[in-house]
Every structure is written in structure tokens, then in C-alpha cells.
Enquirer: 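Just passing along the structure, written as C-alpha cells.
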Amino acid sequence: MSFGKSIELFLVNGTADSIITAELSNWNGKAIKIPRIEVPTCKRADVCDAGVYFLFCKDDDGTDSVYIGEAENIKDRLIQHIRDNQADKEKYYWTTAVLFTGRDLNKALIRYLENRLVEIARNSNRYKVLTKNTYKNTVMKESQVAAMDEFIENIKVLLNALGYKVLEPFVIQNANKTADDENEEFILTAGSASAKGIVTSEGFVVYKGAVINDKISVKSVGDGIVKLRDKHIKDGHVVDRITTEDILFNSSSAAANFILGYSVSGPQTWKTQDGRSLKEIESSKMN
């Protein structure tokens, strides 16, 4: 069962474009979102604490990237990142950092956090993870591991609240869900193409293993779907016409057009195992 959470957001300089702190009730941790340009002149003591941090980047092709790191003095480490970029030692350029600090965090704990956060981000496939190596051999007590795993769950909540879903998979698997509260799974088959997917709060997710048509009608689907296909093939998300990971689309129609290579109505084309269309299901929920 999920429970409500209270989050306190504070705009330090009175604007959302500057430093923002985020805190959960009854938690000794804190998130601090800070623009790159404000890091060198920031005088906040908590920015100099020990913790973990996320550096968010946007590549030229629109791909979201993130560097996840740890430091005993986060501000000093961020300054070093900036200097390394200026010296061409780091090729990526980040615009925003989100830091997480907490009472009594030490080197062993932040190393554990960094390693787990990198693993989760890679498994989520939301962002390209730029972190190369992490310390995997941290020795901790069982109670410390439990405390840090809870810390990570709170990091997920605050990152989402700040607009970054880097630690969330497209489709959240929950074995405790019942048929009543789980979204319907939809199927699409036409010719040699076949796919399964699900409606989420972000759009429509096509599951890994979908088979797309080898041909595509530019006149029918438009340049957007053509470019999207080309990008996913280039990135290795589609190999030999088969998707290698879950892919999020902004609508069921975009998902269907991507799979089939020609324009169709997603709500009418995606159907459940028993033949009900997405349109029928959505209409029944509004009655």
C-alpha cells in the first residue's frame, strides 16, 4: 500500500530558476537543486556537506544524460567537474546539479549510495549514465545497508518531485498489484509486426521484444516517426526489427505508427487479449 508524503520545497532566491531545497517530513536528508552557474559563488554550508549528486546534461541530439557521483565535500567536487570540463578532461556539459546530503553520512555510506544509484539508473534506461566506475566493495553493517536503501527510496521521491525520473523504470513492476488496480496490457498485430504495451501516466510504453515492420511510409506517418525510428535503430534500441528495451511514446497512436510504419488510430488499434480496444476501455471509464 502506498502512503501520502509531505514535501517542502523552498525557493532560496525566490525563483524556480535558482537554488531549490526539497525535504521530506520526518527525514534527516535534504535535496538541493542548483544551476551550474551558481555553484562557484554559492555560500551555503550544506552544499559543502558529504553526499551524492546528479549532474544533468542534454546532448545535441536531445538525449538526456546524467553523471552520478559522491563526495565528502560536494561543492569542491562540483568545482572540479567544472574545471575538468574547461580543460577538456570531461566532454559532457551539465547545466543542473541535484545534491543529496544527510546527517552522519560518511565515505563508506556515500560510496554505497553512489554504486546503488548508478545501478538503478542504468537499469531504468531513462538517461545515458556517464559514470564509468563506482566502488563496489563497501563493507557495512546490515543496519547501515537498510538505512541507505531507505535513503535511496527518499531520493527517488524527491528527484521525481523535482522533475527528474532518472531512477524510475518506464513500467513499474509490482507483484502486489491486483487486477483491479493494474493497467490493462494491450496487443497490436498486423502482418509481420507485433507488440505489447501499456498506458502509463507519461504516455504509452511498448514492451521490449516488439517486432516492427521493415518498411515505413513517410507520407503516412510523417518525418517525426521516421526520425524516431532512425534514432532508436542507431542507439541500438531496435535490432533486426526487434526492440531491445521498453520504449515510451507520447501517445498510443505514435506507438502504433512506430511499430506499423503507417498511420493508424492508436486507441482503435491497440486491443486487450479479449478484443476490447483502448478506445472502448477509456470510454467505459468515463461513464
Side-chain angles (χ1 to χ4, degrees), residues 4-25 27-103 105 110 113-114 117-118 120-121 124-131 151-168 170 200-203 248 250:
K5 295 181 183 293
S6 176
I7 300 176
E8 180 180 304
L9 296 178
F10 178 60
L11 310 183
V12 174
N13 296 315
T15 171
D17 295 327
S18 186
I19 300 174
I20 300 174
T21 65
E23 298 179 79
L24 282 166
S25 58
W27 184 49
N28 64 24
K30 176 192 292 186
I32 306 166
K33 180 181 177 182
I34 181 170
R36 177 193 184 103
I37 59 174
E38 294 188 37
V39 170
T41 57
C42 182
K43 304 299 183 183
R44 295 179 61 89
D46 48 11
V47 174
C48 300
D49 287 344
V52 290
Y53 59 89
F54 296 74
L55 306 180
F56 291 101
C57 320
K58 179 75 75 172
D59 296 346
D60 292 338
D61 63 359
T63 301
D64 290 313
S65 300
V66 63
Y67 182 95
I68 303 172
E70 52 84 10
E72 292 180 282
N73 183 316
I74 297 181
K75 180 182 176 181
D76 285 351
R77 185 68 183 97
L78 297 188
I79 293 294
Q80 188 60 53
H81 277 293
I82 294 173
R83 288 173 176 162
D84 286 347
N85 178 259
Q86 292 171 340
D88 288 330
K89 294 181 180 178
E90 289 181 352
K91 301 304 181 183
Y92 55 88
Y93 184 91
W94 54 276
T95 56
T96 304
V98 179
L99 333 175
F100 288 89
T101 63
R103 190 169 60 243
L105 288 180
I110 59 179
L113 289 174
E114 178 199 42
L117 292 169
V118 168
I120 295 168
S124 296
N125 281 324
R126 293 271 190 170
Y127 286 63
K128 177 183 177 182
V129 180
L130 303 172
T131 309
F151 200 97
I152 289 170
E153 291 305 310
N154 289 331
I155 286 177
K156 289 181 180 180
V157 171
L158 291 180
L159 272 178
N160 280 348
L162 291 171
Y164 300 100
K165 293 182 176 293
V166 59
L167 302 178
E168 295 295 333
F170 290 123
T200 74
S201 60
E202 298 176 81
L248 173 67
N250 59 16

Enquirer: Just distance, no hydrogens or angles: give the donor-acceptor pairs under 3.5 Å from side chains in residues 152-164, sequence neighbours left out.
Expert:
residue	atom	partner	partner atom	Å
E153	OE2	K156	NZ	3.4

Enquirer: Do L78 and L99 make a side-chain contact, defined as non-hydrogen atoms from C-beta onward lying under 4.5 Å apart?
Expert: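 Side-chain contact under 4.5 Å: yes.
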
Enquirer: Do E70 and L113 come within less than 4.5 Å of each other through their side chains, counting heavy atoms only?
Expert: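 Not touching, per the 4.5 Å side-chain cut-off.
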
Enquirer: In terms of ring plane angle, is the pair F100 and F54 parallel, tilted or perpendicular, where the classes change at 30° and 60°?
Expert: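 It falls in the perpendicular class, over 60°.
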
Enquirer: Give, for atom NE2 of H81 and atom CG of L55, the distance between the pair rounded to the nearest 0.5 Å.
Expert: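 The CG atom of L55 is 5.0 Å from NE2 of H81, to the nearest 0.5 Å.
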
Enquirer: Just by modelled atom types, is the G51 backbone N or O under 3.5 Å from a matching donor or acceptor in the T101 side chain?
Expert: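 Here the side-chain-to-backbone pair does not exist.
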
Enquirer: Any idea which heavy atoms bring C42 and V47 closest together, and the distance?
Expert: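 What the structure gives for the nearest pair is SG-CG2, 3.8 Å.
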
Enquirer: How long is the gap from OG1 on T21 to CG on D46, to the nearest 0.5 Å?
Expert: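 One gets 8.0 Å once the value is rounded to the nearest 0.5 Å.
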
Enquirer: Which pair of non-hydrogen atoms, one from R126 and one from E202, has the smallest distance, and what is that distance?
Expert: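 Nearest heavy atoms, R126 then E202: NH2-OE2, 2.6 Å.
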
Enquirer: Step by step, work out the side-chain contact (heavy atoms from CB on, under 4.5 Å) result for V52 and I68.
Expert: CA-CA 7 Å; V52 290; I68 303 172; 5.5 Å; no

Enquirer: Verify, without hydrogens or angle tests, whether N85 (side chain) and Y92 (backbone) share a donor-acceptor contact under 3.5 angstrom.
Expert: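 Yes, N85 side chain to Y92 backbone: donor-acceptor pair under 3.5 Å.
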
Enquirer: Mind checking the CD1-CZ spacing from I82 to R36? Nearest 0.5 Å is all I need.
Expert: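 If we round to the nearest 0.5 Å, I82:CD1 and R36:CZ are 5.0 Å apart.
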
Enquirer: How far does CD of E90 sit from CG of D88, to the nearest 0.5 angstrom?
Expert: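 Reported value, rounded in 0.5 Å steps: 10.5 Å.
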
Enquirer: Is there side-chain contact between I32 and I74, with heavy atoms separated by less than 4.5 Å?
Expert: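 The answer is no; the side chains never approach within 4.5 Å.
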
Enquirer: Could you give the distance from OG1 (T131) to CD (E114), rounded to the nearest 0.5 Å?
Expert: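 One gets 6.5 Å once the value is rounded to the nearest 0.5 Å.
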
Enquirer: Is any side-chain heavy atom of T95 closer than 4.5 Å to one of P35?
Expert: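 Counting from C-beta outward, P35 and T95 never come under 4.5 Å.
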
Enquirer: Looking just at side-chain N and O atoms, do D84 and Q80 make a donor-acceptor pair shorter than 3.5 Å?
Expert: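 Yes.
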
Enquirer: For residues 7-15, dump all side-chain donor-acceptor pairs below 3.5 Å to protein atoms at least two apart in sequence or in another chain.
Expert:
residue	atom	partner	partner atom	Å
N13	ND2	S18	OG	2.7
T15	OG1	D17	N	3.2

Enquirer: Nearest 0.5 angstrom please: L24 CG to S6 OG, how far?
Expert: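 Those atoms lie 8.0 Å apart.
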
Enquirer: Charged N to carboxylate O below 4.0 Å: is that the case for D64 and K128?
Expert: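 Not counted as a salt bridge, because no side-chain N and carboxylate O are separated by less than 4.0 Å.
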
Enquirer: Looking at side-chain heavy atoms only, is the closest gap between L130 and W94 below 4.5 Å?
Expert: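 SC-SC contact between L130 and W94 ruled out.
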
Enquirer: Donor-acceptor check, side chain of T96 to backbone of F56, threshold 3.5 angstrom: yes or no?
Expert: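 No; judged by distance alone, with no hydrogens or angles, the pair does not exist.
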
Enquirer: Relative to each other, are the rings of Y53 and Y67 parallel, tilted or perpendicular (30° and 60° limits)?
Expert: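 Ring orientation, 0 to 90° scale: parallel.
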
Enquirer: Taking all non-hydrogen atoms of both residues into account, name the closest pair between R77 and A71 and its distance.
Expert: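 Scanning both residues completely, I find the closest heavy atoms to be CB-CB, 3.6 Å.
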
